[in-house]
Amino acid sequence: MNVTDILTLQTILVGDSGVGKTSLLVQFDQGKFIPGSFSATVGIGFTVSHHWLYCSIWDTAGQERFRSVTHAYYRDAQALLLLYDITSKSSFDNTRAWLTEIHEYAQNDVVIMLLGNKSDMISSRMVRRDEGERLAREYGVPFMETSAKTGVNVDLVFKAVAKELKHRAAQLPNEPKFHIHEFIQTQKKESSCCSFL
Ligand SMILES: Nc1nc2c(ncn2[C@@H]2O[C@H](COP(=O)(O)OP(=O)(O)OP(=O)(O)O)[C@@H](O)[C@H]2O)c(=O)[nH]1
Ligand SMILES: [Mg+2]
């Protein structure tokens with residue numbers, strides 16, 4: 001994708017409280033990570049990011065009590081990033097419930113991406129990468145592991161989603177679903193990740 005393309009992208013971040021939605025957003029938008037500080041999002045957060053992409057990002061609160069607030073934002077999302085925390089089995093197990101909610105409230109053609117965040121926390125890993133890949137294949141969605149702390153794969157997530165939307169906008173029906181590996185060659189520093197289905 002020609003990164004000078006300016007694309008608009010309405011994105012929503014969902015997933016259990018504490019998985020790193022806000023941290024991923026701050027890393028993407030400001031390129032920084034604020035260690036240790038965990039202040040749970042209340043209601044909904046919003047950021048407009050002006051990289052190579054004009055991206056309005058809704059950062060939702062993972063806590064159950066804000067769920068009804070989140071529902072209202074699914075409808076307008078073109079892209080939906082569903083995060084779990086690789087150090088939290090429950091956040092991974094809950095992704096199925098999130099996917100059910102997404103299918104209930106979001107547009108049918110929303111681009112969904114499953115992200116296993118906190119990939120830097122190698123010694124505390126509770127969810128293997130292949131478990132994330134398997135779940136992603138089961139639901140037919142692309143998957144990546146990310147770290148909001150080190151920035152690994154964070155830009156790549158938004159590039160990959162933007163490229164999918166570009167393909168769809170260009171109505172290139174015969175094109176294969178875009179393959180994330182294209183980005184790998186150009187982003188040596190990024191870790192490997194599975195291709196899109
Ligand atoms: N090591 C590491 N810590 C992370 C990462 N992402 C988030 N954290 C930490 O995990 C905690 C929760 O991060 P948040 O970004 O606030 O989580 P959230 O998903 O926005 O939580 P809610 O707003 O309650 O839904 C914070 O202490 C972050 O510093 C990561 O990739 N690696
Ligand atoms: Mg948050």
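Side-chain contact check for D93 versus Y84: every heavy-atom pair is 4.5 Å or farther apart. Side-chain contact between L81 and V161 is present, with heavy atoms from C-beta onward closer than 4.5 Å. Taking 4.5 Å as the limit, every side-chain heavy atom of Y139 sits out of range of all side-chain heavy atoms of L114. The shortest side-chain heavy-atom distance between T70 and W58 does not fall under the 4.5 Å cut-off. Two residues are said to be in side-chain contact when any heavy atoms from C-beta on lie closer than 4.5 Å; Q78 and Q107 fail this criterion. Contact check for L135 versus F92: side-chain heavy atoms found under the 4.5 Å cut-off. At least one side-chain heavy atom of L24 sits less than 4.5 Å from a side-chain heavy atom of L115. At least one side-chain heavy atom of V26 sits under 4.5 Å from a side-chain heavy atom of K32.
Results of the side chain to side chain donor-acceptor pair (under 3.5 Å) test with N117 over T87, T146, N153 single out T146 as the only residue that passes.
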Query - E133/R128 under side-chain contact (heavy atoms from CB on, under 4.5 Å): CA gap, chis, key distance, verdict - result: CA-CA 9 Å; E133 287 173 341; R128 296 190 318 273; over 6 Å; no

Worksheet item: What do the steps show when you test F143 against R137 for side-chain contact (heavy atoms from CB on, under 4.5 Å), and what is the final call?
Response: CA-CA 8 Å; F143 169 73; R137 257 194 299 278; over 6 Å; no

Check your understanding: Does the side-chain contact (heavy atoms from CB on, under 4.5 Å) test come out yes or no for Y74 and I102, once each step is laid out?
Key -> CA-CA 7 Å; Y74 278 108; I102 290 164; 3.8 Å; yes

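Considering CG of L25 and CG of D59, their distance stands at 5.5 Å, rounded to 0.5 Å. Distance check, rounded to the nearest 0.5 Å: CD of E101 to CG of L80 gives 10.0 Å. For the atom pair K89 NZ and I86 CD1, the distance stands at 13.0 Å (nearest 0.5 Å).
Heavy-atom minimum distance, A148 versus G20: CB-O, 4.5 Å. Nearest heavy-atom pair, R125 versus E145, reported as atom, atom and distance to 0.1 Å: NH2-OE1, 2.7 Å. When every heavy atom of F28 is checked against every heavy atom of D155, the shortest pair comes out as CD1-OD1, 3.2 Å. Residues M126 and S88 come closest through the heavy atom pair CB-N, 4.3 Å. Taking both residues in full, the closest heavy atoms of T150 and Q27 are given as C-NE2, 4.5 Å, listed atom of the first, atom of the second, then distance. Taking each heavy atom of I112 and P142 in turn, the nearest pair found is O-CD, 3.2 Å.
Formation of a donor-acceptor pair under 3.5 Å by the K21 side chain with backbone atoms of L83 is not found in this model. Panel note: side chain R75, backbone Y105; a donor-acceptor pair is recorded below 3.5 Å.
Sorted by first then second residue, the salt bridge (charged side-chain N to carboxylate O under 4.0 Å, His left out) pairs that include residues 102-123, not counting sequence neighbours, are D85-K118.
One hydrophobic cluster holds both V141 and V14 under the rule that ILVMFWY side chains link at heavy-atom gaps under 4.5 Å.
With sequence neighbours excluded, no residue satisfies ring-ring contact (aromatic ring centres under 6.0 Å, His included) with H103.
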